[in-house]
Undergrad: 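Before anything else, here's the structure in question.
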Amino acid sequence: MGKILVTGATGFTGTALCRRLINDGHEVVAFIRPTSKTGALTELGVICKTVDICDAEAVLDNFTDISKVYHIAAAYRTEHSTTETFIKVNVEATRNLLEAAKQNSIERFIHCSTVGVQGEIDDPPADEEYRMKPGDHYQESKKDGELLARKYFAEEGVTGTVFRPVGIYGPGDTRFLKLFRSIARGVFVMIGSGSVLYHMTYIDDLVEGIVLCGTHPNAPGEVFTLGGENYTTLKELVGEVARVLGKQPPILRIPYLPVFWASIICDKVCKLAHISPPIYPRRVEFFSLDRAFSIEKARRLLGYAPKVSLHEGLSRTADWYRENNLI
Ligand SMILES: NC(=O)c1ccc[n+]([C@@H]2O[C@H](COP(=O)([O-])OP(=O)(O)OC[C@H]3O[C@@H](n4cnc5c(N)ncnc54)[C@H](OP(=O)(O)O)[C@@H]3O)[C@@H](O)[C@H]2O)c1
């Protein structure tokens, strides 16, 4: 049995997956960047190799003795992300890894996509067959990366699986920190009614699902949505976060449309002034788009069964934020 390659191993999901694979007794290799923070991986015993996944030759040269790939790395939405970066990392680097996997006849390739490839869900919950309609350049590039992986699985002889996580949270994540912080400080303001649907997945449950995608005989050739047991309205989610923080549920609310228009103007003005916008349309749309998904296929074909309730997951996350003096 060869080594398992994890890309994006230094990230939130990648590190949790590496921990699980090492605990299961595997030898794990991570392709990292010269700037990546590798302390946690080294401690786990992961072999860190500086390999630029955007460089096809470098990827191929470093594929010896690899039997399985979990491709988790992605360029995310940050202030400085450009469409070119999204394409380079989320599509072209994916191609480099798939090509190396094909040439080395590896056992399995597990590709991380996102439910974001389906954009807003008009008729929730959506299953894997629901149409794709990415809402921004990041989601567009994740869609193209996913379709490329599926093409290699269907036509190029690579045995592989795509999984699409919903919003990932848990100890170690900082993406939901802003939400926790604003609720902890009593300054959270709901934009709109809060009746939109939101779906989260606790990191340990997600990792279990990813490992099933990489090991279960029913997984190859399939696409799976991996999410928590239940989705909630945004208002319920905010209420639950308040509860685990020992706060009253926030009551401040402002209407959606004026904020949305203000975000468009703010975004344009800030771009001209080369400063980071405090609000922009995507952030505001968080309050207006339904994102709820069915996990029935993963349940049926893989036996996927999320174990951590939203309350328990949010409590553990809040504890971690407190322990690290983040809230
Ligand atoms: N977080 C969510 O809610 C969510 C939801 C749906 C899908 N996803 C997908 O889940 C995956 C993991 O998400 P996450 O939140 O765990 O990510 P994360 O913590 O932001 O980590 C991203 C990882 O990708 C690596 N990376 C970024 N650009 C790279 C490049 N040019 N070359 C090589 N590596 C690069 C980062 O390496 P460095 O340490 O060097 O920066 C890091 O290891 C991604 O594929 C994402 O699209 C996430």
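In each ligand, atom 1 is the first atom listed, and ligand 1 is the first ligand listed.
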Undergrad: Which residue owns the protein heavy atom closest to atom 23 (C) of ligand 1, what's the atom, and how far is it?
TA: Gly8 CA, 3.7 Å

Undergrad: Would you check whether Tyr138 reaches within less than 4.0 Å of ligand 1, judged by its heavy atoms?
TA: yes

Undergrad: Which atom pairs, donor and acceptor, lie under 3.5 Å between side-chain atoms of residues 98-108 and protein residues at least two apart or in another chain?
TA:
from   : atom 1 : to     : atom 2 : distance (Å)
Glu99  : OE1    : Tyr152 : OH     : 2.4
Glu99  : OE2    : Gln103 : NE2    : 3.4
Lys102 : NZ     : Glu156 : OE1    : 2.7
Asn104 : ND2    : Ala100 : O      : 2.8
Arg108 : NH1    : Cys213 : O      : 3.1
Arg108 : NH1    : His216 : O      : 3.0
Arg108 : NH2    : Thr215 : O      : 3.2
Arg108 : NH2    : His216 : O      : 2.9

Undergrad: Going by the atom numbers of ligand 1, which of them fall below 4.0 Å from some non-hydrogen atom of Ile53?
TA: 32 (N), 33 (C)

Undergrad: Tell me whether ligand 1 is touched by Ser113 - counting only heavy atoms on the residue side and a distance under 4.0 Å.
TA: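 Ser113 counts as a contact of ligand 1 under the 4.0 Å cut-off.
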
Undergrad: Considering Phe12, Phe31, Tyr76, Tyr169, which one's heavy-atom position lies nearest to atom 2 (C) of ligand 1?
TA: Tyr76

Undergrad: Judged by non-hydrogen atoms, does Val166 sit under 4.0 Å from ligand 1?
TA: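 Heavy atoms of Val166 do come under 4.0 Å of ligand 1.
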
Undergrad: Quiz question: by atom type and distance under 3.5 Å, do the side chains of Glu146 and His111 form a donor-acceptor pair?
TA: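 There is no such pair between these side chains.
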
Undergrad: Counting only heavy atoms, tell me which of Arg175, Gln139, Met200, Arg33 gets closest to atom 28 (N) of ligand 1.
TA: Arg33

Undergrad: Around atom 40 (O) of ligand 1, find the nearest protein heavy atom and jot down its residue, atom name and distance.
TA: Ser36 OG, 2.6 Å

Undergrad: Below 4.0 Å from ligand 1: does a non-hydrogen atom of Val89 turn up there or not?
TA: yes

Undergrad: In terms of ring plane angle, is the pair Phe180 and Tyr321 parallel, tilted or perpendicular, where the classes change at 30° and 60°?
TA: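 Perpendicular.
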
Undergrad: Answer with side chain, backbone, both or neither: which part of Lys37 has a heavy atom less than 4.0 angstrom from an atom of ligand 1?
TA: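 Neither part.
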
Undergrad: Among all the protein's non-hydrogen atoms, which is closest to atom 21 (O) of ligand 1, and how far away is it?
TA: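 That would be Gly11 CA, 3.3 Å.
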
Undergrad: Counting heavy atoms only, which part of Thr10 comes closer than 4.0 Å to ligand 1: side chain, backbone, both or neither?
TA: both

Undergrad: Which heavy atom of the protein is the closest neighbour of atom 34 (N) of ligand 1, given with residue, atom name and distance?
TA: Ala73 CB, 3.8 Å

Undergrad: List the closest protein heavy-atom neighbour of atom 44 (C) of ligand 1: residue, atom name, distance to the nearest 0.1 Å.
TA: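 Result for atom 44 (C) of ligand 1: Ile72 O, 3.2 Å.
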
